[in-house]
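To keep things clear, I will list the structure first and then write my remarks on it.
Proteins get letters first, then strands, A, B, ... in listed order; numbering begins at 1 in each.
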Protein chains: 2
Amino acid sequence: MTSSAKGKQSDISLAVCGYSRVLEIISNKWTALVIYALENGSIRYGEMERRIEGISKKMLTQTVRKLEWNGLVQRHITPTVPPTVEYTLTPLGESLLQPMRELRQWGRENYWHVEAARANYDLTYCKESQSLTN
Amino acid sequence: MTSSAKGKQSDISLAVCGYSRVLEIISNKWTALVIYALENGSIRYGEMERRIEGISKKMLTQTVRKLEWNGLVQRHITPTVPPTVEYTLTPLGESLLQPMRELRQWGRENYWHVEAARANYDLTYCKESQSLTN
DNA sequence: CTGAATCCTAGAGGATACTG
DNA sequence: CAGTATCCTCTAGGATTCAG
């Protein structure tokens, strides 16, 4: 529609695309897992660290800070000694849960198709192992 | 539920999480835009290049190849001179459109909230400019 | 027209040590 | 407990050139 008559130029742009805006927010390595950990309610820093396999303090803090910066997560400090810090999804963050759940659902249902396609591609074009796999 | 009685150990894992599996597929810089370009049917290489603002041949080819590898896109070559190459979403690729549209919709509706949250965060914690913005 | 091959840089992310 | 601060590696992605 945009390119109906004359204007055949680029109509798809990183800066404008809604996909890209969301991906800019959730496409980091650990972001989805942190949201995942928060989807059932508030949780403390240490428990997130324990629940998310393989995450380091640095990456956890960095991820959770960016989420807070984006307004998806609320950080609440109780000034005890030692400190107690609770993280919670904001309403904005919760509104993202539904679309993300659908994505997760797609992954659960279809990932085996993806793996099959990869195996087939490699077999077809590479004969033996590797290619895009390694 | 998984960690009800005793097992308080990590129950969220990159290797298993459905989110992460999907993100592994669509979280590259140009992937979403390429799928976007394909959502209304087959399209040729050159037209994708023209429609997607700022993409280079290298990245277009790389992105589209990975999509093909994952079974989301079908590549069809007509051996004319010069060659004609058509790209089309496979049924698997089309099945991803719905969840992605919801993500895009979320972005369109809520991105301004995100920007507002960022501005507020920066104002609160940094007084002046930069922080995570730069 | 549709790529492949090189070279290069910025930044994401890991390992480790230290702290209020 | 909940982080900071450094240092270092690795690779996604850009620029450019060549080719069937």
Item checked: Hydrophobic cluster identity match, B:Leu97 and A:Leu103, side-chain contacts under 4.5 Å ->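 Linked within one cluster.
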Value in whole Å for how far the [atom2] atom of [N] lies from [atom1] of [X]:
{"X": "B:Lys57", "N": "C:dC1", "atom1": "NZ", "atom2": "P", "value": "7 Å"}
{"X": "A:Gln62", "N": "C:dG13", "atom1": "CD", "atom2": "C1'", "value": "7 Å"}
{"X": "B:Ile43", "N": "C:dC1", "atom1": "CD1", "atom2": "C1'", "value": "14 Å"}
{"X": "B:Glu86", "N": "C:dG3", "atom1": "CD", "atom2": "P", "value": "11 Å"}
{"X": "A:Ile55", "N": "C:dA12", "atom1": "CD1", "atom2": "C1'", "value": "13 Å"}
{"X": "B:Glu53", "N": "D:dG14", "atom1": "CD", "atom2": "P", "value": "13 Å"}
{"X": "A:Leu60", "N": "D:dA2", "atom1": "CG", "atom2": "P", "value": "10 Å"}
{"X": "B:Asn28", "N": "D:dG14", "atom1": "CG", "atom2": "C1'", "value": "15 Å"}

Notebook entry, point to check: Among B:Ile35, B:Thr90, B:Val34, B:Leu38, whose side chain to side chain contact (heavy atoms under 4.5 Å, CB included) with B:Val73 holds?
Noted result: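 Testing each of B:Ile35, B:Thr90, B:Val34, B:Leu38 against B:Val73, the sole residue satisfying side chain to side chain contact (heavy atoms under 4.5 Å, CB included) is B:Leu38.
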Verify the contact: side-chain N or O of [X] to OP1 or OP2 of [N], cut-off strictly under 4.0 Å; return yes or no.
{"X": "B:Arg44", "N": "C:dT2", "value": "yes"}
{"X": "A:Arg65", "N": "D:dA2", "value": "no"}
{"X": "A:Tyr87", "N": "D:dC1", "value": "no"}
{"X": "B:Tyr45", "N": "C:dA4", "value": "no"}

Beyond-backbone contact of [X] with [Y], side-chain heavy atoms, under 4.5 angstrom:
{"X": "B:Thr78", "Y": "B:Glu86", "value": "no"}
{"X": "A:Arg65", "Y": "B:Tyr125", "value": "no"}
{"X": "B:Thr84", "Y": "B:Tyr45", "value": "no"}

Next item on the list: For DNA chain D, find the residues of residues 74-82 of chain A with a heavy-atom distance under 4.0 Å and give them by number; none if there aren't any.
Entry: A:Arg75, A:Pro82
Note to self: Taking donor-acceptor contacts at under 3.5 Å, does the side chain of B:Lys58 reach the base of C:dG3?
What the structure shows: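 When only heavy-atom distances are counted, B:Lys58 does not reach the base of C:dG3 through any donor-acceptor pair under 3.5 Å.
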Next item on the list: Indicate the atoms forming the closest heavy-atom contact of A:Ile25 with A:Thr31, along with that distance.
Entry: O-CG2, 3.6 Å
Note to self: Just to be sure I understand the rule, does A:Ser56 reach a base, reach only the sugar-phosphate, or reach nothing, if contact means heavy atoms closer than 4.0 Å?
What the structure shows: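 Nothing, no nucleic acid heavy atom in range.
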Check: What nucleic acid atoms does B:Lys29 come within less than 4.0 Å of, heavy atoms only: base, sugar-phosphate, or nothing?
Finding: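 Here B:Lys29 touches the backbone only, sparing every base.
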Next item on the list: Name the closest nucleotide to the A:Pro83 side chain, picking from C:dG20, C:dG3, D:dG14.
Entry: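 When the side chain of A:Pro83 is considered, C:dG20 is the closest of C:dG20, C:dG3, D:dG14.
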Note to self: Which label fits B:Tyr36 and A:Tyr19: parallel for a plane angle under 30°, tilted from 30 to 60°, or perpendicular past 60°?
What the structure shows: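 Geometry flag for A:Tyr19 against B:Tyr36: perpendicular rings.
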